[in-house]
There are 4 protein chains.
Amino acid sequence: MVDGKSTRREQLVAAAFGLVAEVGLEGLRLRRVADAVGIDQSTLHYHVATKAELVEAVAQHAAALLATTAPPRHLPPHEALAAHLDALAGLIATRPELFTVTAELDLRARRDPSVRAVVDRQEAGWREVLVGLHAALDGDDDPAARAELVIAAVKGVRLVPDLAPTVLGRLVEQTTGATR
Amino acid sequence: MVDGKSTRREQLVAAAFGLVAEVGLEGLRLRRVADAVGIDQSTLHYHVATKAELVEAVAQHAAALLATTAPPRHLPPHEALAAHLDALAGLIATRPELFTVTAELDLRARRDPSVRAVVDRQEAGWREVLVGLHAALDGDDDPAARAELVIAAVKGVRLVPDLAPTVLGRLVEQTTGATR
Amino acid sequence: MVDGKSTRREQLVAAAFGLVAEVGLEGLRLRRVADAVGIDQSTLHYHVATKAELVEAVAQHAAALLATTAPPRHLPPHEALAAHLDALAGLIATRPELFTVTAELDLRARRDPSVRAVVDRQEAGWREVLVGLHAALDGDDDPAARAELVIAAVKGVRLVPDLAPTVLGRLVEQTTGATR
Amino acid sequence: MVDGKSTRREQLVAAAFGLVAEVGLEGLRLRRVADAVGIDQSTLHYHVATKAELVEAVAQHAAALLATTAPPRHLPPHEALAAHLDALAGLIATRPELFTVTAELDLRARRDPSVRAVVDRQEAGWREVLVGLHAALDGDDDPAARAELVIAAVKGVRLVPDLAPTVLGRLVEQTTGATR
DNA sequence: TATGAATGAGATTTCATTCAT
DNA sequence: TATGAATGAAATCTCATTCAT
C-alpha cells in the first residue's frame with residue numbers, strides 16, 4: 001500500500017488510516033500502527049509526536065483523497081454536478097474505507113478541535129463548490145438548500161456502497177427534472 | 001420499585017445515553033455513569049452485568065425514542081410523509097442528543113453484533129414504512145430508491161439541527177412536485 | 001445429594017464441598033454455593049457468617065467422611081490394616097471428590113489456622129490408630145516410621161484413583177512380607 | 001541483559017515462585033511480584049504478558065529444580081535408587097518451598113491445561129526413570145507398581161520435611177529387603 | 001533513527017459482606 | 001428466613017508516553 005518512496009511518517013499515516021477503517025478511531029492503537037509499518041512502538045513517537053497528531057494527519061489524508069472528486073470546471077453546471085456525484089458514487093464503491101474513516105472523523109470532530117478544523121475546512125470547500133454549481137443551474141430558487149441536500153445525501157449513503165449509485169443517481173434526476 | 005419514577009437500570013441507561021451524546025461511545029466510562037446516578041461503581045454491575053449490555057440497552061432506548069416519529073396511519077401518503085419528516089426535523093431540533101447517539105451507534109454497529117441487531121431492526125422497520133408510503137404515492141416509479149434517499153438525507157443531516165428543516169423540507173417539496 | 005431433612009446449613013456445606021472438589025478452594029464462590037442450594041447470596045450469610053466459617057465446616061465434613069474407613073477393632077492387626085487400606089482404596093475409587101477436597105484442605109491448612117486445627121486433629125487420630133496397629137504387628141521394629149509411610153502413600157496416591165489399589169495393595173504385601 | 005545475573009523475567013519468575021510457596025497460588029498477586037523485584041506493576045506485563053504465563057513459567061522453573069535429583073546413571077540400580085531418594089529427602093530439607101510449590105501446582109494442574117502440560121511432562125520423565133530402575137533390580141516382580149509407590153510416598157511426604165528422611169529411608173530398606 | 005524498558009493513570013470486573021425491609 | 005440493593009477493596013490488564021542507550 002506504500003511505495004518505497006514514502007516517508008516513514010506517510011507510511012504511519014497510511015497504516016493508521018487503514019486501521020481506523022477497520023477498527024474505528026475508538027479501536028486505533030499506536031502499537032498496531034507501529035506494527036503495521038514494522039517499527040517499534042516507541043519509534044513511532046519519533047515520527048509522530050502524539051496520537052492526536054496522528055489522528056489529525058489521518059484527517060488531512062482523508063480530505064486530500066476526497067478532493068479527487070471535485071467537479072470539472074469546464075463543463076456546464078448540469079453535467080459538472082452529474083460528473084461530481086458520479087465520481088463520488090464511484091469512490092464510495094472503489095474505496096469504501098475512505099468513507100468509513102470520514103464518518104468516524106465527522107463524529108470525532110465534535111469533540112476534537114484539531115480534527116474539526118480539518119473536517120470543517122474540507123466541508124466548507126465542498127459546500128462552496130456545490131452552491132456555486134446549483135446557483136448556475138437554471139431555475140433553482142434556493143441553491144444553498146439544494147447544496148445541503150446533496151451533502152446530506154452523500155453523508156447519509158456513504159457507508160452503504162450498494163445504495164450509493166441509486167441514491168445519488170436519483171438526486172441528479174430530481175435536480176435535472178426540477179430545474180430544466 | 002417503579003413508583004412512576006424509574007428503575008435504577010433505567011436511570012443508568014438514561015445516564016449512559018446522555019454521556020454518549022456528550023463524549024461519544026468512545027468516551028463512555030462506567031465510573032461516570034454510576035456517578036451520574038449517584039451509586040457506586042460496583043453497584044452499577046448489580047443492575048447491568050457488563051458494559052456491552054449497557055451499550056445495547058442504550059441502543060434499545062434510542063430505537064424506542066425514534067419510534068416516536070412514526071408517520072400517522074390515518075393520513076393520505078403525501079401528508080403522512082410530510083408529517084413524518086416534520087416530526088423528524090422537530091425531534092432533531094428538540095433532542096439533538098438522540099441523533100448524536102444514533103450516529104455513534106450506527107458506527108459502532110459495524111463492529112458490535114449485539115448493537116447491530118438493535119440498529120438493524122430499527123432501520124428495517126423504518127425502511128419498510130417509508131417504502132410503503134412512497135409506493136402509495138401517485139406517480140412514484142421507484143419507491144425503494146426514494147425511500148433510500150429519504151433515509152440518507154435524514155442520516156446525513158441529523159447532526160446539524162439548523163439544516164434539518166431546510167433539507168427535509170426540500171425533500172418533501174421535490175417529492176410532491178415530482179409525483180403530483 | 002441432600003435429602004429433605006438436612007438443615008440449610010448442611011445443604012450449604014454439602015454444596016460447598018462439591019464445589020471445592022470441582023473448582024478448588026481457590027475457585028469457591030459464595031454466589032455459587034448459594035445458587036446450588038437455591039437461596040440468595042445474602043441469605044447464605046444468615047446461615048454461615050463468613051466464608052472462612054464455611055470452609056472450616058467443609059473441613060469438618062471431610063474429616064467426618066474420612067472417619068468411615070477406621071480399621072475394625074475386633075480383627076487381628078494384619079487383617080485390620082489390610083481392611084483399612086482396602087476401605088481407603090475403595091473410598092478413593094467411590095468418592096474421589098472427598099480426596100480432592102482433602103488435598104485442597106491440606107494445602108490451605110498451611111495458611112489458615114482454623115482449617116489447620118481440623119485437619120491436624122483428624123490426622124492425629126489417624127496416625128495414632130496406625131501406630132497402634134503397627135506396634136501390634138510381630139517384628140515391626142519402628143511402628144511410627146511404618147505408620148508415616150502408610151500416611152504418605154495414601155496422601156500421595158489419593159488424587160489418582162486408578163493407582164490407589166495397586167499402591168496400597170503393595171504396601172500391605174510389603175508389611176506382611178516384612179513382618180511375618 | 002544477562003551479565004551473569006539474570007533477566008528481569010527470570011527475576012520475576014523467581015519472585016513469583018517464592019510468593020507461591022508463601023501464600024499459595026491462590027494468594028499470588030502480580031502487584032506483590034512486581035514489588036518484590038522493584039518494578040512497576042505495569043512493567044511486569046512488559047516482561048510477562050499475563051498471569052497465566054507467569055504461573056506456567058513458575059511451573060517450568062519448579063520442574064527444572066526437581067530435575068536436580070535425577071539418579072546417577074553410572075551406579076548399580078540399588079545404589080542409584082538410594083541416591084535418588086536421598087537426594088530428594090535432602091532437597092525436601094534444604095528447599096522445602098520447592099515442594100510446597102510443587103504441591104500447589106499439582107492441584108492447579110487439574111484445572112489449568114498449560115500447567116498440566118508442564119507438570120505431566122515432568123512426572124512422566126520421573127516415572128520412566130523409576131520404572132527403569134526397579135526393572136533393573138533383582139527379584140522385583142512388578143516394577144511399575146513399585147515405582148508408583150515411590151512416587152506416592154514422595155508426594156505424600158513432601159510437605160513434611162521432618163518425616164521425609166524416615167519415610168524415604170524406610171522405602172529403600174524395604175526395597176532392598178524385598179529384592180535382595 | 002531505532003529500541004527496550006519502564007511508568008502512571010485508568011478501566012472493567014469480581015467478590016465477600018452489610019443493611020434495611 | 002429471605003431478599004434486593006449497595007459497597008469498598010482489590011485485581012488484572014491496557015495504553016500512550018518517556019528516557020537512556
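Note on naming: letters A, B, ... go to the chains in the order of the sequence lines (proteins, then strands), and numbering restarts at 1 for each one.
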*Asks:* Whole Å only: how far is the CG atom of C:Leu44 from the P atom of E:dT17?
*Replies:*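 The distance from CG of C:Leu44 to P of E:dT17 comes to 9 Å, rounded to the nearest Å.
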
*Asks:* Would you say a side-chain N or O of B:His47 is under 4.0 Å from OP1 or OP2 of F:dA6?
*Replies:*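 Checking B:His47 against F:dA6: at least one side-chain N or O falls below 4.0 Å of OP1 or OP2.
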
*Asks:* Can you list, by residue number, the residues of residues 36-43 of chain D that have a non-hydrogen atom closer than 4.0 angstrom to DNA chain F?
*Replies:*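 Listed by number, they are D:Gln41, D:Ser42.
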
*Asks:* Got a sec? Which of residues 17-35 of chain D come in under 4.0 Å of DNA chain F, heavy atoms?
*Replies:*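 Correct list: D:Leu28, D:Arg29, D:Leu30.
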
*Asks:* Go nucleotide by nucleotide along DNA chain F from the 5' end; which of D:Thr50 and A:Ala52 gets its closest nucleotide reached first?
*Replies:*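 Result: D:Thr50.
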
*Asks:* Can you give me the bend angle of the helix from E:dA2-F:dT21 to E:dT21-F:dA2? Use the axis through the first five pairs and the one through the last five, nearest 10 degrees.
*Replies:*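 The end-segment axes of the helix from E:dA2-F:dT21 to E:dT21-F:dA2 are tilted 10° relative to each other.
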
*Asks:* Check whether any side-chain nitrogen or oxygen of B:Arg8 sits under 4.0 Å from OP1 or OP2 of F:dG4, and answer yes or no.
*Replies:*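 The answer is no; no side-chain N or O of B:Arg8 sits under 4.0 Å from OP1 or OP2.
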
*Asks:* If the C1' atom of F:dT21 is compared with that of E:dT1, how far apart are they to the nearest Å?
*Replies:*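 Rounded to whole Å, the distance is 13 Å.
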
*Asks:* What's the closest nucleotide to the A:Lys51 side chain, out of E:dT18, F:dT17, F:dT12?
*Replies:*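 Of all the options, the side chain of A:Lys51 is nearest to F:dT17.
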
*Asks:* Which nucleotide sits closest to the side chain of D:Tyr46: F:dA6, E:dA6, E:dA2?
*Replies:*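 Between F:dA6, E:dA6, E:dA2, the one nearest the side chain of D:Tyr46 would be E:dA6.
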
*Asks:* If I take atom CD in residue D:Glu53 and atom C1' in nucleotide F:dC13, what distance separates them, rounded to the nearest angstrom?
*Replies:*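 Atom-to-atom, D:Glu53 to F:dC13, this comes out as 13 Å.
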
*Asks:* Hey, does D:Arg108 have a side-chain heavy atom less than 4.5 Å from the side chain of C:Glu26?
*Replies:*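 C:Glu26 reaches D:Arg108 side chain to side chain.
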
*Asks:* Say you draw a straight line from CG of D:Asp40 to NE2 of D:His45; how long is it, rounded to the nearest 0.5 Å?
*Replies:*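 Answer rounded to 0.5 Å: 10.0 Å.
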
